[in-house]
Amino acid sequence: MGTVRDPADGEVVDQVVVTTFPAPHSFTGEDVAEISAHGNPVVLGRVLGVLLRGGARAAEAGEFARRAFLNGKLDLLGVEAMAQVLAAATPGQARVAANQLEGLPTRRLSAIRARLLDHHVRLEATLNFPEDAIEEIDERRLARDLAGVLGDLERFAAAARHGGLVAGGLPVVLLGRPNTGKSSLLNALLGRERAIVTEIPGTTRDTLEETLTVGDLPVKLIDTAGLRAAADRVEALGMARTRAALDGAFLALPVYDGAEPLGADDREVARVVREAGVALVSVVNKADLPRRAAVEELGPGPVVRVSALTGEGVPDLLAAIRAEAGRRGLERLEELVLLGAQQSEALERARQAVRRALDGLGSIYHDMLSVELEEAIRQLGLVTGEDVDPHTLDRIFERFCIGK
Ligand SMILES: Nc1nc2c(ncn2[C@@H]2O[C@H](COP(=O)(O)OP(=O)(O)OP(=O)(O)O)[C@@H](O)[C@H]2O)c(=O)[nH]1
Ligand SMILES: [Mg+2]
């Protein structure tokens, strides 16, 4: 407990608590003092003013995380996890990030890197000291081991793709011919009137995104412009966006009007989803009206009947979305990995180098093999941060806000 006074006139600014963390037992690994003042922004501003006039300066964006990294308190996977801990909007996102902060993904990757290092050292030894009685490289054993490493890297990359989906929200796309009730369904799922709904076909002209929590997971629900053959220019542009939305979709929800017989436009919708190769749950809307759509025609995949008007069937649709997430392993949050864009690229380059080494075994010289392993080791170092240049670090830390 203490008092902050303005040295200029000795006036009391606030009663505060000062906590000190002697190095290396602080977040950054440096000597740190934290001042807890009363939360009022006016008071905080005055306390800061006193400190700044006394020679302190404000931290840059991400400066604390950067210092923690440079002092070996946090690796790059930890940095990414921290960014996500700060940004998490659902319990699932927070759990993935907290798990990564505990260091499991780092240990997985370090173990892979250690295996590659081991082979690299042996190869180099036989190349550099051929006259010494160093054991020969057993190519069969090396092939077996590299295949194992490749499998582990691919599993890690899949976990990172899933982690990215959870971090950004699983994109779930509502699509269908005009007037089937896509926007009404978006509103029903959100539980509020977000999108404009009218009886006029072609009401929605652009894609619209809203986030919803399903189970513990964030879902990015995307409402789209209706798809139909005869469309004006604005509608055509909206339809191009619908197709683009399908590209990155986790799940497509083609919406059909159950009160009308299925027509050519509906069959076109089913075809577009099939061609995009996206997982789908077909939705037959307007269950409050007498049914005239022959749902058997909708082909393979789950079908859920709902009424956006009365809310009937909406819990079943939410359960179907959740089941799809479970089926794809997204609910096993402890296995997911969060990577930044540069880290994902480095991981992919590492995978390619191991692939080339494996494919080349038996036909390329051992010095080439050694170069590929070295490349893979270096790229994995970029993922964990063991081997990263200052410019890349700038790009990583500038995403943080001031004071983190
Ligand atoms: N009876 C009934 N009417 C519905 C239901 N869902 C939507 N409607 C009506 O269907 C019409 C079209 O609804 P929208 O939600 O605008 O349909 P949309 O698919 O978004 O249409 P576009 O944006 O034009 O492609 C509106 O008049 C809604 O009130 C439902 O479950 N039951
Ligand atoms: Mg609409």
Side-chain angles (χ1 to χ4, degrees), residues 169 171-212 214 219-247 249 251-276 278 280-295 297-298 301-321:
V172 171
V173 179
L174 292 159
L175 78 167
R177 70 165 171 77
N179 241 9
T180 56
K182 300 174 290 299
S183 300
S184 305
L185 193 55
L186 174 100
N187 291 341
L189 287 164
L190 290 175
R192 63 193 165 90
E193 301 306 306
R194 169 67 181 86
I196 297 172
V197 168
T198 74
E199 68 293 347
I200 306 161
T203 301
T204 307
R205 301 218 149 196
D206 200 353
T207 51
L208 184 159
E209 292 181 10
E210 277 296 323
T211 306
L212 167 78
V214 179
V219 164
K220 195 164 73 186
L221 209 51
I222 305 169
D223 183 20
T224 64
L227 288 166
R228 65 170 162 187
D232 65 30
R233 222 166 64 80
V234 180
E235 260 187 294
L237 287 172
M239 282 160 45
R241 293 206 174 173
T242 302
R243 291 198 165 85
L246 268 188
D247 265 351
L251 181 68
L253 301 179
V255 181
Y256 303 96
D257 182 342
E260 302 267 343
L262 296 177
D265 284 343
D266 293 310
R267 278 186 283 278
E268 172 67 9
V269 167
R271 196 185 61 79
V272 166
V273 177
R274 236 187 352 264
E275 276 189 357
V278 185
L280 82 158
V281 173
S282 300
V283 182
V284 180
N285 189 29
K286 310 198 185 180
D288 53 292
L289 299 175
R291 190 163 89 201
R292 295 182 59 212
V295 290
E297 279 181 43
L298 294 177
V303 178
V304 179
R305 290 193 67 211
V306 302
S307 167
L309 194 68
T310 66
E312 174 192 342
V314 170
D316 299 337
L317 183 55
L318 289 170
I321 295 173

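Every number for a ligand or one of its atoms is a count from 1 in the order of the listing. Residue numbers start at 1 and run along the sequence shown.
Considering backbone and side-chain N/O atoms, K182 comes within less than 3.5 Å of an N/O atom of ligand 1. Not one N or O of A225 is nearer than 3.5 Å to an N or O of ligand 1, by distance alone.
Residue contact annotation: T204 places an N/O/S atom under 2.8 Å from the Mg ion (ligand 2). Because the distance cut-off is set at 2.8 Å, S183 qualifies as a neighbour of the Mg ion (ligand 2) through one of its N, O or S atoms.
When K286, R205, E312 are checked for heavy-atom proximity to atom 9 (C) of ligand 1, K286 turns out nearest.
In this structure, G176 has no heavy atom closer than 4.0 Å to ligand 1. At least one heavy atom of I200 sits closer than 4.0 Å to an atom of ligand 1.
Taking the side chain as every heavy atom from C-beta outward, S183 and T203 never approach each other to under 4.5 Å. A 4.5 Å side-chain heavy-atom check between V284 and V304 finds every atom pair outside the cut-off. Between R292 and D257, the closest side-chain pair of non-hydrogen atoms is not below 4.5 Å.
The D288 neighbourhood of ligand 1 comprises atoms 1 (N), 2 (C), 30 (C), 31 (O), 32 (N), with distances under 4.0 Å to a heavy atom of that residue.
A salt bridge does not link E268 with R274: none of the charged nitrogens is closer than 4.0 Å to a carboxylate oxygen. Contact check on R192 versus E210 returns a salt bridge, with a Lys/Arg side-chain nitrogen under 4.0 Å from an Asp/Glu carboxylate oxygen. Ion pairing between a basic and an acidic side chain is recognised when a charged N comes within 4.0 Å of a carboxylate O; E260 and K286 show no such pairing.
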